[in-house]
Visitor: 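Supplied in C-alpha cells, the structure appears directly below.
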Amino acid sequence: MLSTSLRTGRAGALRASNAGEHVTLGGWVHRSRNLGGIVFLDLRDLDGIVQVSFGTDWASAECIAAAAAVGVESVVVITGAVVPRSENTRNAEMGTGDVEVQGVSLTVVGPAVTPVIPVARGRGEKLAAEELRLRHRYLDLRRADLQANLVLRHKLLQESRRYLSERGFLELETPILTKPTPEGARDYLVPSRVHPGEFYALPQSPQIYKQLFMICGFDRYFQIARCFRDEDLRADRQPEFTQIDIEGSFVTQDDILALAEGLISSIWRVAGVEIPASFPRMTYADAMERFGCDRPDLRYGLEIVDYTPAFRDVAFNITTSVIESGGRVRGIIVPGGAAWSRKQVDEVESLAKAAGAGGLMRLRRLDGKLDGPMAKFLEGNPAFADLVEGSLMLFVAGADRISHPALDRVRQECAKRLELVRDGDRQFVIVTDFPMFDRDPSTGTLAAVHHPFTAPHAADVAAFPDKPEAWRALAYDVVLNGTELGGGSIRTSDPALQSRMFELLGIGDQEEQERRFGFLLEALRAGAPPHGGIAFGFDRIVMLLAGAPSLRDVIAFPKTTAARAMFENAPTHVPAADIADLHIRLKEQP
RNA sequence: GGGGGCGUAGCUCAGCUUGGUUAGAGCACUGGACUGUCACUCCAGAGGUCGCGGGUUCGAGACCCGUCGCUCCCUCCA
C-alpha cells in the first residue's frame, strides 16, 4: 500500500501512463530552479525523482512563492496534475522524464536546515568524506545509490528466507547474550549485574546452538544471524555482521553443498545475475598446490608449477640447498613478462618478500635464448624447452609454508599487471578437504583449521590414528573470485570422537572440557544425529552484488575502522553508578 | 601492537616541493534579476581556530616533534 491517508503514491514511480491523474505526493526537495515566473522543484522519494512545476497558469501566487522559498531537503506535500511533457522538455535521464506534476498546492511538512553534506550531487562531483557521511548518516542514506543498496539487501534477505523456508528449514533464533568462547576471535563481553564478576559474551556465531537444535530434532534450521567479533576492522570486516546460518541433520557434505549452490544461485538471480547451478570442486591440497591459496581466484590462470625435478641436478646454490632441506622450487609463467623492466619485476619481488619469500628467481626467453642469472644452468634443460618467446618465469624456492603465500601474492600481482580479469567475470569454486589441524610452528601445538566441532574423514582417522595432522576435515568453503563467501563442515556427532578432538587441541582435561564445552558434550551424549551445515557472510554477498567498495555501503549504520559508531557516538562513557552496578572498577576515570 | 595516506570555508579541493603583502577556486548558502528549466542562467554578498598542542624562525597553512580523528594495509579475524 504505497498510497496512504497523506499521499496517493510515490513520486518517483510516475510514468506517462499516469498522465491526467491528480496526485498528492510527499517527498524531499532534491533541487529547485526558480526562473522568476515559474518554479521547478525536483521531488524525491524512495522510487526516484519527479519534477513539479509551479507556473502562473495553474498555481496561485502564494503557492509559487512558497515553492520558491522552500529549501532543499525539506519535506513537502504537494498536490497537482500529472501532465505529459512537451517533446522539447522531456528528460530521458529521469525515470519520470516523460511527465511532470503541475503543482497547485504545497505544504512544508518538514522544514530542513541547509544540509551539511550535499544529498544532490552534480555530475562528477565527489562524495563527502566518509567520516562526515557516517556522522550525518540521516543525510547520506537519502542518496539513491545507498538506498538502492539497502533495497537490494532486503530483496536478498527475503530470497534467502524464501529459498530455505520452502525447503523445510525453520528460522529459529538463538541468544545474543551467550557464553564466552575461548577459541577463535576476541569476544565482546557483557558484564552481569546479577552475578558479580561474571560475563556474557555476544555470539561470534550460533555454532553450538545450531548443533543443539539438531540434537533436539529440528532437523533443518536456518537463521539470519547477527554475529560479533572484537577484532580489527577492514573495508570488508565489521565488528557486527550478518550470516546466513544453516544446519541440517542426516546430511552429507554433498547435501549441504547442493543446498549452498542452490541458495547462492537463487540469491544471484534476484540480483539479476544468472550463474551456473553447480560450482566446480577443488580440494584444499589441489588449491594450495596450483594457486598457493585456499580461496583461489579462478578468473585467470598463471597456475603454479613444481619445477623441483628440473632443478634437482642443477648446480645452483640456492635451489640445491632448498631441495636438500626438503623444500621445492615452484613458479609461474608470465606471458609477455619478458618485456617487464628490472624495476617492475623488483616491485613484484618485494611483494613476494613481504609475504615471506627470500626472493624471486627470474628466467625469461628473449631472442630464442634463456635469459637471467640461472640461464646458463638451465639452457637445454627439457623442462624449460617450451617456455615461449617473451615469457617470464618467476620462481620461489623454499618450504611450502613460505612459497604458498609468496606465489599466491605474485600470481595475484601478475594478473593485475597483465589485466587478466575481465569485467563481470565470475568464477565460483568450492574448496573441500581442508586439513583438520594446523600445527603452530613455534609452539608445536595443534589448532583446528575450521573449528573443533568439525568431523574428520573417517578413513583418515583409521589410516593415521596417531598422526592427526594428516587428517582431512569434512569442511568446505564457497569461493567467488578469490573471496570466501561462506564455509561450513560436517560436525562430529560422536561424543567420544569430540572428546578426542578436544584432547588433540590440548583441552585434554575432563574438567576443562566440561567447563568450556560441557553443555555440547552432554547434549551429544544424549543422542545426536549426523549433522552439518554452512554459513554465508551476508554483508559481503550484498557488497559484491551491489558493486560497493566497502561493507559500510551495504550496512545502514556501520562502525568506523576504530569500531566507533559516528552517528550515535557509541561506545560512550556511562555514569559511574551504572558501572558500579556491574561490579566493575575502571582502571582510570575518564 | 606496527606501517602508509589524508585533515585548509558548510562540501570538494588548490596553495606546502623552494616559509614572506589581505589564504584562493567550484559547489552550497544569502540578497537581487529572470515564464520551460532539469548541474537553469546572470549580478552582488557573506563565509576561515589552515584538526589540536608545542617547537624552529624576524616571520609558519607550509619546516620539525607530539597528539587526535578518518582511511587502507600488516598483526588479528577457530
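The structure displayed is predicted, hence computed values, not measured ones. Basis for what follows: all heavy atoms, side chains included, without hydrogens, waters or symmetry-related copies. Per chain, numbering begins at 1; letters A, B, ... match sequence-line order.
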Visitor: Given rC29(B), rU37(B), rC73(B), identify the nucleotide with an atom nearest to the side chain of A235(A).
Guide: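 Closest nucleotide to the A235(A) side chain: rC73(B).
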Visitor: Under 4.0 Å between a Lys/Arg side-chain N and an Asp/Glu carboxylate O for D460(A) and R472(A)?
Guide: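 Salt bridge present between D460(A) and R472(A).
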Visitor: Of the nucleotides rA39(B), rC11(B), rC38(B), which has the atom closest to the E93(A) side chain?
Guide: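 The nucleotide sitting nearest to the side chain is rA39(B).
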Visitor: Taking only the side-chain nitrogens and oxygens of R31(A), find out if one of them lies under 4.0 Å from OP1 or OP2 of rC40(B).
Guide: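 Affirmative; the distance criterion is met.
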Visitor: Return the value, rounded to whole Å, for the distance between atom CG of N569(A) and atom C1' of rC70(B).
Guide: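 Going from N569(A) (CG) to rC70(B) (C1'), I get 14 Å.
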Visitor: For rG7(B), give the paired nucleotide (Watson-Crick: N1-N3 plus N6-O4 or O6-N4; G-U: N1-O2 and O6-N3; both under 3.5 Å), or none.
Guide: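 The answer is rC68(B), by the H-bond criterion.
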Visitor: Remember a base hit wins even if backbone is also touched, and classify R552(A) as base, sugar-phosphate or nothing at under 4.0 Å, heavy atoms.
Guide: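 If one applies the 4.0 Å heavy-atom cut-off, R552(A) turns out to touch the sugar-phosphate alone, with no base involved.
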Visitor: Provide, to the nearest angstrom, the distance between the CG atom belonging to L43(A) and the P atom belonging to rC38(B).
Guide: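 In whole Å, rC38(B) P lies 19 Å from L43(A) CG.
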Visitor: Any ion pair linking R143(A) and D553(A) (charged N to carboxylate O, less than 4.0 Å)?
Guide: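 Here D553(A) does not pair with R143(A) in a salt bridge, since their nearest N and O are not under 4.0 Å apart.
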Visitor: Does rC42(B) pair with anything, Watson-Crick or G-U wobble, both distances under 3.5 Å, and if so, with which nucleotide?
Guide: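 Its partner is rG32(B).
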Visitor: May I ask you to evaluate whether T560(A) reaches the phosphate of rC70(B), defined as a side-chain N or O under 4.0 Å from OP1 or OP2?
Guide: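 Answer yes for this pair, as a side-chain N or O of T560(A) is under 4.0 Å from OP1 or OP2.
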Visitor: Report the distance from atom CZ of R44(A) to atom P of rC38(B), rounded to the nearest whole Å.
Guide: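 Answer to the nearest Å: 20 Å.
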Visitor: Using the side-chain heavy atoms of Q51(A), tell me which of these nucleotides is nearest: rG36(B), rC70(B), rC29(B).
Guide: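 Among the listed nucleotides, the one closest to the side chain of Q51(A) is rG36(B).
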Visitor: Atom CZ of R409(A) to atom P of rC73(B): distance rounded to whole Å?
Guide: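 About 11 Å, once rounded to whole Å.
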Visitor: rU57(B) and rG47(B): how far apart are their C1' atoms, nearest whole angstrom?
Guide: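 Roughly 32 Å separates the two C1' atoms.
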Visitor: Between V449(A) and E131(A), who's closer to the 5' end of RNA chain B by nearest nucleotide?
Guide: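 This one resolves to E131(A).
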Visitor: For Q204(A), which contact category applies under a 4.0 Å heavy-atom criterion: base, sugar-phosphate, or nothing?
Guide: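 No contact.
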Visitor: Between K210(A) and D245(A), does any NZ, NE, NH1 or NH2 come within less than 4.0 Å of an OD or OE carboxylate oxygen?
Guide: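 Yes, charged N to carboxylate O under 4.0 Å.
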Visitor: When we call it a touch if two heavy atoms are under 4.0 Å apart, what does L132(A) touch: a base, just sugar-phosphate, or nothing?
Guide: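 The answer is sugar-phosphate, as L132(A) gets under 4.0 Å only of primed atoms, P, OP1 or OP2.
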Visitor: Where the side chain of T561(A) is concerned, which of rU37(B), rC70(B), rC72(B) is the nearest nucleotide?
Guide: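 Between rU37(B), rC70(B), rC72(B), the one nearest the side chain of T561(A) would be rC72(B).
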Visitor: Taking only N and O in the side chain of R237(A), is any of them less than 4.0 Å away from OP1 or OP2 of rU75(B)?
Guide: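 Looking at the OP1 and OP2 atoms of rU75(B), neither is under 4.0 Å from any side-chain N or O of R237(A).
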Visitor: Please determine if R409(A) and E349(A) form a salt bridge, counting it only when a charged side-chain N lies under 4.0 Å from a carboxylate O.
Guide: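 Here R409(A) does not pair with E349(A) in a salt bridge, since their nearest N and O are not under 4.0 Å apart.
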Visitor: In the structure shown, which nucleotide is the Watson-Crick or G-U wobble counterpart of rC63(B), with both distances under 3.5 Å?
Guide: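 Base-paired to rG55(B).
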Visitor: Looking for any heavy atom pair under 4.0 Å, which part of the strands does I49(A) touch: base, sugar-phosphate only, or nothing?
Guide: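 If one applies the 4.0 Å heavy-atom cut-off, I49(A) turns out to touch nothing in the nucleic acid.
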Visitor: With no hydrogens and no angle check, do the side chains of S493(A) and R491(A) hold a donor and an acceptor under 3.5 Å apart?
Guide: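 Judged by distance alone, the side chains do not pair up.
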Visitor: Measure from CZ on F40(A) to P on rU41(B) and round the result to the nearest Å.
Guide: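 It works out to 14 Å between those atoms.
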Visitor: Between R234(A) (CZ) and rC70(B) (C1'), how many Å, whole number?
Guide: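 From R234(A) CZ to rC70(B) C1': 16 Å.
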Visitor: Using atom P of each nucleotide, how far apart are rC65(B) and rU18(B) to the nearest Å?
Guide: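 The answer is 16 Å between these two P atoms.
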Visitor: When you compare rA60(B) with rA23(B), how far apart are their P atoms, in angstrom units rounded to a whole number?
Guide: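 Rounded to whole Å, the distance is 14 Å.
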Visitor: Identify, between A129(A) and R186(A), the residue whose nearest nucleotide on RNA chain B lies closer to the 5' end.
Guide: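 Checking each residue's closest nucleotide, the 5'-ward one belongs to A129(A).
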Visitor: Between atom CD1 in I64(A) and atom P in rG36(B), what is the gap in whole Å?
Guide: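 Spelled out: CD1 on I64(A) to P on rG36(B) is 13 Å.
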Visitor: Using both distances under 3.5 Å as the test, list the Watson-Crick or G-U wobble partner of rU17(B), or none.
Guide: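 Matched rU17(B) with nothing under the 3.5 Å cut-off.
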Visitor: Would you mind classifying the nucleic acid contact of S205(A) as base, sugar-phosphate or nothing, using non-hydrogen atoms under 4.0 angstrom?
Guide: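 If one applies the 4.0 Å heavy-atom cut-off, S205(A) turns out to touch a base.
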Visitor: Assess whether a salt bridge exists between R295(A) and E484(A), defined as any Lys/Arg side-chain N lying under 4.0 Å from an Asp/Glu carboxylate O.
Guide: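 Not counted as a salt bridge, because no side-chain N and carboxylate O are separated by less than 4.0 Å.
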Visitor: Taking the side chain of R564(A) as its heavy atoms from C-beta onward, which of rU37(B), rA39(B), rC70(B) lies nearest to it?
Guide: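 Among rU37(B), rA39(B), rC70(B), the one nearest the side chain of R564(A) is rC70(B).
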Visitor: For rC6(B) versus rA44(B), give the span between their C1' atoms, rounded off to a whole number of Å.
Guide: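 Going atom to atom, C1' in each nucleotide, I get 36 Å.
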Visitor: Is any N or O donor-acceptor pair between the side chain of N91(A) and the base of rC38(B) shorter than 3.5 Å?
Guide: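 Answer is yes: a donor-acceptor pair is held.
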Visitor: Tell me what N88(A) touches on the nucleic acid: a base, only sugar-phosphate, or nothing, going by heavy atoms under 4.0 Å.
Guide: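 The answer is nothing, as N88(A) stays clear of every strand by at least 4.0 Å.
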Visitor: Rounding to the closest angstrom, what is the interatomic distance between rA28(B) and rU41(B) at atom P?
Guide: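 Roughly 8 Å separates the two P atoms.
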Visitor: Under 4.0 Å between a side-chain N/O of R33(A) and OP1 or OP2 of rC40(B), yes or no?
Guide: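 Yes, within the criterion.
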Visitor: Please state how far atom CG in L351(A) lies from atom P in rC74(B), giving the value in whole angstrom units.
Guide: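 Rounded to the whole Å, the gap is 12 Å.
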Visitor: Using Watson-Crick or G-U wobble geometry with both distances under 3.5 Å, which nucleotide pairs with rU12(B)?
Guide: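 Pairing partner: rA25(B).
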Visitor: Looking for any heavy atom pair under 4.0 Å, which part of the strands does R85(A) touch: base, sugar-phosphate only, or nothing?
Guide: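 Result for R85(A) = base.
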Visitor: Run the salt-bridge test on R417(A) and E347(A) with the 4.0 Å N-O cut-off and return the result as yes or no.
Guide: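 Looking at R417(A) and E347(A), the cut-off is met.
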Visitor: Does OP1 or OP2 of rC11(B) have a side-chain N or O of K126(A) closer than 4.0 Å?
Guide: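 No, because none of the side-chain N or O atoms of K126(A) sits under 4.0 Å from OP1 or OP2 of rC11(B).
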Visitor: Could you tell me how far rC40(B) sits from rC34(B) if I compare only their C1' atoms? Round to whole Å.
Guide: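 Comparing C1' positions in rC34(B) and rC40(B) gives a spacing of 10 Å.
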Visitor: If you measure from the C1' atom in rC50(B) to the same atom in rG10(B), how many Å do you get, rounded?
Guide: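 That atom pair is separated by 16 Å.
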Visitor: Check R137(A) with D140(A), please: is the shortest side-chain N to carboxylate O separation under 4.0 Å?
Guide: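 Yes, D140(A) and R137(A) are salt-bridged.
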Visitor: State whether R121(A) places a side-chain N or O below 4.0 Å from either non-bridging phosphate oxygen (OP1 or OP2) of rU12(B).
Guide: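 For rU12(B), OP1/OP2 do not have a side-chain N/O of R121(A) under 4.0 Å.
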Visitor: Side chain of E100(A) only, please: which of rC29(B), rG36(B), rC38(B) is the nearest?
Guide: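 Shortest atom-to-atom distance from the side chain points to rG36(B).
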Visitor: Which part of the nucleic acid does A185(A) contact within heavy-atom distance under 4.0 Å: base, sugar-phosphate only, or nothing?
Guide: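 Contact class for A185(A): sugar-phosphate only.
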Visitor: Under 3.5 Å, is there any donor-acceptor pair linking the side chain of D232(A) to the base of rU75(B)?
Guide: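 Result: at least one qualifying N/O pair found.
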Visitor: Does R90(A) pair with E100(A) as a salt bridge, N-O distance under 4.0 Å?
Guide: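 Looking at R90(A) and E100(A), the cut-off is not met.
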Visitor: Roughly how many Å apart are rC29(B) and rG48(B), using the C1' atom of each and rounding to a whole number?
Guide: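 Pairwise C1' distance, rG48(B) against rC29(B), rounds to 16 Å.
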Visitor: Please determine if a side-chain N or O atom of R123(A) lies less than 4.0 Å away from the OP1 or OP2 oxygen of rA39(B).
Guide: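 So the side chain of R123(A) is within the cut-off, an N or O lying under 4.0 Å from OP1 or OP2 of rA39(B).
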Visitor: Heavy atoms only, 4.0 Å cut-off, all strands: where does A354(A) land among base, sugar-phosphate and nothing?
Guide: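 No contact.
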Visitor: Charged N to carboxylate O below 4.0 Å: is that the case for D42(A) and R33(A)?
Guide: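 Yes, this pair counts.
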